[in-house]
Amino acid sequence: MSVDTQIASHAEPEHRTLGYFLRGGAAMLISPLVITPVGMFMGFGALAHDTGFSIAWTALASMLMFATPGQILLMTGISRDAALLTIAVAVTLTAVRYAPMVATLLSLMRYPGVRTRHVFFPVHCAVVSLWLEALRLLPDLPRERRVAFCNGLAAAIFAVGIIATVAGYYLAGAMPPLFAAALLFVTPISFLVGTASSSKTLVDKLALAFGLGLAAGTWLLGTTFDLLWIGVIAGTAAYGIQRTQRRRAWAT
Amino acid sequence: MGDLSSLWPYLALLLVGVLPNEAWRILGMAVGRSLDEKSEPFVWLKAVATGLLAAVIAQLVLSPPGQLASLSMAVRLGATVVGFFGFLLLRRSTIAGVLIGVATLVIGALVLPG
């Protein structure tokens with residue numbers, strides 16, 4: 001392992017690593033998916049302002065959590081004096097979806113000599129936009145450059161998220177309603193086309209279709225969404241279908 | 001008491017915000033370290049994450065947050081479908097899909113208010 005590390009560090013000059021870091025940052029900034037965190041963090045900042053939180057707390061929440069759904073639940077929980085356990089459970093339920101995302105992200109960054117400290121920042125910044133861009137771009141990069149590139153993606157999205165939080169805090173109330181609605185709509189539409197764009201295999205396309213269908217079905221039935229279960233059922237069904245297809249292809 | 005009450009939101013942020021949020025990312029990191037990107041568990045996990053994300057998308061369109069809820073269901077669904085077809089027709093360009101979707105939403109909201 002240590003030999004591998006040495007070879008790796010000798011073969012990679014520092015400046016080329018910086019180059020891939022900057023390329024990652026640029027890739028995130030020109031991606032249409034960057035609009036999503038702008039809208040979400042601005043929304044969080046505006047809500048924090050209206051709820052009466054200080055700018056210091058608001059910015060710190062974005063930096064330390066970097067997950068707007070959880071941040072909003074925490075904030076409303078604190079402001080309504082909810083029980084601590086209730087808040088923790090609500091926050092943790094919104095964060096479960098990060099586990100499979102981070103696992104697949106880490107899998108793409110596997111390389112001899114890669115330590116936790118090298119990947120911790122992208123892991124902390126793992127949100128849907130980052131995950132979709134990483135999944136789309138990392139497989140085409142040489143393995144030894146992926147960590148630097150992904151840190152670049154993360155640095156860009158982190159900076160965007162914090163700036164948007166502060167901007168939203170001070171712009172609260174000044175946004176026309178239709179503008180605010182359009183900003184919120186960017187999230188589902190960019191996640192939809194972003195997922196469709198990064199779903200190149202049958203299993204991913206099926207998982208997307210099943211997830212949409214199941215969620216719409218439970219909504220029509222009036223039952224409450226359990227996002228985690230929809231994900232597990234849709235993903236497992238898609239995986240099962242793809243496996244039987246492949247077996248048939250092998251058999252013939 | 002004044003000190004404690006001003007510190008309280010920060011303590012809550014760490015205890016019931018950062019901790020329950022970051023735990024899943026750390027867990028994902030532990031799993032992903034020993035996961036080959038061409039292995040079967042990777043394919044399954046990616047499918048689960050994709051299915052979960054699809055559910056989030058549907059939820060945001062069907063029961064949306066904040067100001068988006070003030071627009072009619074027809075406008076929200078229409079803009080989603082038009083944006084998606086825009087993406088498919090214009091050489092699978094994500095930026096085209098997003099712009100067409102948002103433009104449809106704004107025009108729809110102005111033409112069909114409420």
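Note that this is a predicted model, so its numbers are computed, not measured. Lettering follows sequence order; numbering is per chain, from 1.
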Identify which of A:Val123, A:Val89, A:Leu47, A:Leu33 forms the greatest number of heavy-atom pairs closer than 4.5 Å to chain B.
A:Val123

So how far is it from A:Glu133 CD to B:Thr94 OG1, rounded to the nearest 0.5 Å?
6.5 Å

Find out whether A:Trp219 and B:Val61 are in side-chain contact, i.e. whether some heavy atom of one side chain is under 4.5 Å from a heavy atom of the other.
no

To the nearest 0.5 angstrom, please state how far the NZ atom of B:Lys38 sits from the OG atom of A:Ser107.
9.0 Å

Please report the closest heavy-atom contact between A:Ala234 and B:Gly51, naming both atoms and the distance.
CB-CA, 4.2 Å

For the residue pair B:Glu22 and A:Tyr98, confirm or rule out a side-chain donor-acceptor distance under 3.5 Å.
no

Between CZ on residue B:Arg92 and OG on residue A:Ser198, distance to nearest 0.5 Å:
9.5 Å

Considering only heavy atoms and a distance below 4.5 Å, find which of A:Ala238, A:Ala196, A:Gly240 pairs most often with chain B.
A:Ala196

Please step through side-chain contact (heavy atoms from CB on, under 4.5 Å) for the pair B:Leu68 and A:Thr187, ending with a clear verdict.
CA-CA 11 Å; B:Leu68 193 53; A:Thr187 304; over 6 Å; no

Measuring from atom CG of B:Leu14 to atom CG of A:Leu64, what distance do you get when rounded to the nearest 0.5 angstrom?
6.5 Å

Close side-chain approach of A:Ser54 and B:Tyr10, heavy atoms under 4.5 Å
yes

Output the option from B:Leu15, B:Ile26, B:Asp36, B:Leu27 having the highest count of non-hydrogen pairs under 4.5 Å with chain A.
B:Asp36

side-chain contact (heavy atoms from CB on, under 4.5 Å) between B:Val102 and A:Ile35, intermediate numbers included:
CA-CA 12 Å; B:Val102 172; A:Ile35 314 167; over 6 Å; no

If you count heavy-atom pairs under 4.5 Å between each of A:Gly77, A:Ser197, A:Gly194 and chain B, which one has the most?
A:Ser197

Looking at every heavy atom in both A:Ala103 and B:Leu45, which two are closest together, and how far apart are they?
CB-CD1, 3.8 Å

Report yes if the side chains of A:Leu74 and B:Val16 come closer than 4.5 Å at any heavy-atom pair, otherwise no.
yes

Proximity breakdown for B:Leu99 and chain A, heavy-atom pairs closer than 4.5 Å:
neither

side-chain contact (heavy atoms from CB on, under 4.5 Å) evaluation trace for A:Arg97 with B:Trp24
CA-CA 8 Å; A:Arg97 64 201 159 105; B:Trp24 296 101; over 6 Å; no

Should B:Glu40 and A:Arg243 be marked as a side-chain contact (heavy atoms from CB on, under 4.5 Å) after you check the CA-CA gap, both sets of side-chain angles, and the distance that decides it?
CA-CA 10 Å; B:Glu40 291 296 306; A:Arg243 265 193 86 107; 3.3 Å; yes

Working to the nearest 0.5 angstrom, can you tell me the gap between B:Leu53 CG and A:Asp204 CG?
11.0 Å

Any heavy-atom pair between the side chains of B:Arg33 and A:Thr116 that's under 4.5 Å?
yes

Shortest non-hydrogen contact from B:Ala47 to A:Val203?
CB-CG2, 3.8 Å

Portion of B:Leu110 that has a non-hydrogen atom of chain A nearer than 4.5 angstrom:
side chain

Working to the nearest 0.5 Å, report the span between CG of B:Asn21 and CE of A:Met65.
4.0 Å

Please examine the side chains of B:Leu71 and A:Phe185, heavy atoms only from C-beta on, and report whether any two atoms are closer than 4.5 Å.
no

With side chains defined as the heavy atoms from C-beta onward, is the minimum distance between B:Lys46 and A:Leu135 less than 4.5 Å?
yes

B:Ile57 side chain reached by A:Thr195 side chain, heavy atoms, under 4.5 Å
yes

Could you check which of A:Ser79, A:Ala237, A:Ala67, A:Gly70 has the highest count of heavy-atom pairs closer than 4.5 Å to chain B?
A:Ala67

